[in-house]
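Below: the structure, in structure tokens.
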Amino acid sequence: GNSVTQMEGPVTLSEEAFLTINCTYTATGYPSLFWYVQYPGEGLQLLLKATKADDKGSNKGFEATYRKETTSFHLEKGSVQVSDSAVYFCALSIGGSEKLVFGKGTKLTVNP
Amino acid sequence: NAGVMQNPRHLVRRRGQEARLRCSPMKGHSHVYWYRQLPEEGLKFMVYLQKENIIDESGMPKERFSAEFPKEGPSILRIQQVVRGDSAAYFCASSPRRGDTDTQYFGPGTRLTVL
């Protein structure tokens, strides 16, 4: 089946630290990959996406590269801010399917 | 252009009551998806609807849960005879096209608490 595994949280960092949140996937087809962010009390917002191998998605200083050989889509940011504190979800979809399959989420807290 | 709207934002029900969750998709979107987020879990797909049609309900529990998206008005997710295990955040997403997960826009969710 299709599934997403992301690193267990919570993750606590100091401002300006480097962030990596690991995400690996299992898919029966050729998936598109996504990172969503959920701020406290809000719905999910699409952060970035990649639709084919070696694509790099980027937005707001966050990046993730679609690695087919390692079935991974790790999220990175060079210098986090307090405002990045949120829950981050890795997700996939298989072409032609309307479903998003989510990981369990990783809670990030950034301290000043 | 208003985003996806869900109401109520918070809903408290006692065991055995009915819960009705509403979702108004973005303007021009005719595809609606419902997801459930249990505490400390990721979102799980429940059902996908187009106007007046249920396309995929493979994630819906077999009993007590139903969904509709009428020709006019919002999509409704109904939970009958709620139990404590139904306590969760329910998110609705909408998109303008079928099979286009790139453009699923999420609402703020309804947080259901069953006492």
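Chain A is the first sequence line, chain B the second, and so forth, proteins listed ahead of strands; every chain is numbered from 1.
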Quick one: pull up CG in L44(A) and OH in Y35(B) and give me the separation to the nearest 0.5 Å.
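Taking CG in L44(A) and OH in Y35(B), the distance rounds to 10.0 Å.
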Approximate separation, where rounding is to 0.5 Å, of K44(B) NZ and K104(A) NZ:
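Between K44(B) NZ and K104(A) NZ, I get 7.0 Å after rounding to 0.5 Å.
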Taking all non-hydrogen atoms of both residues, which atom of E42(A) and which atom of F91(B) are closest, and how far apart?
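That would be O-CE2, 4.0 Å.
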Tell me which one of Y36(A), Y39(A), F89(A) satisfies ring pair (Phe, Tyr, Trp, His ring centres under 6.0 Å) with F106(B).
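Result for ring pair (Phe, Tyr, Trp, His ring centres under 6.0 Å) with F106(B): Y36(A).
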Of the backbone (N, CA, C, O) and the side chain (C-beta and beyond), which part of Q45(A) lies under 4.5 Å from a heavy atom of chain B, both, or neither?
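Neither part; nothing is under 4.5 Å.
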With a cut-off of 6.0 Å (strictly less than), are more than 12 heavy atoms of other residues, nucleotides or ligands near CZ of R15(B)?
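12 or below, so no.
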Surrounding CD of Q81(B) (heavy atoms of other residues, nucleotides or ligands, distance under 6.0 Å), is the total greater than 12?
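No - once you tally the heavy atoms of other residues, nucleotides and ligands closer than 6.0 Å, there are 12 at most.
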Hydrophobic clustering (ILVMFWY, side-chain heavy atoms < 4.5 Å, transitive) - are Y33(B) and F65(B) grouped together?
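In one cluster with F65(B): Y33(B), no.
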Give the cluster check for V32(B) versus Y90(B): same hydrophobic cluster or not, with ILVMFWY residues linked at side-chain heavy-atom distances below 4.5 Å.
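Same hydrophobic cluster.
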Under a single-linkage rule joining Ile, Leu, Val, Met, Phe, Trp and Tyr whose side-chain heavy atoms are separated by less than 4.5 Å, which residues share a cluster with V12(B)?
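Under the 4.5 Å side-chain rule, V12(B) groups with L115(B).
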Check step by step if side chain to side chain contact (heavy atoms under 4.5 Å, CB included) holds for Q104(B) and S93(A).
CA-CA 11 Å; Q104(B) 277 193 32; S93(A) 70; over 6 Å; no
All N/O donor-acceptor pairs, side-chain side in residues 3-10 of chain A, below 3.5 Å, sequence neighbours left out:
residue, atom, partner, partner atom, Å
Q6(A), OE1, C90(A), N, 3.0
Q6(A), OE1, G105(A), N, 3.2
Q6(A), NE2, Y88(A), O, 2.8
Q6(A), NE2, T106(A), OG1, 2.9

Part of Q6(B) within contact of chain A (heavy atom distance under 4.5 Å):
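Neither; nothing under 4.5 Å.
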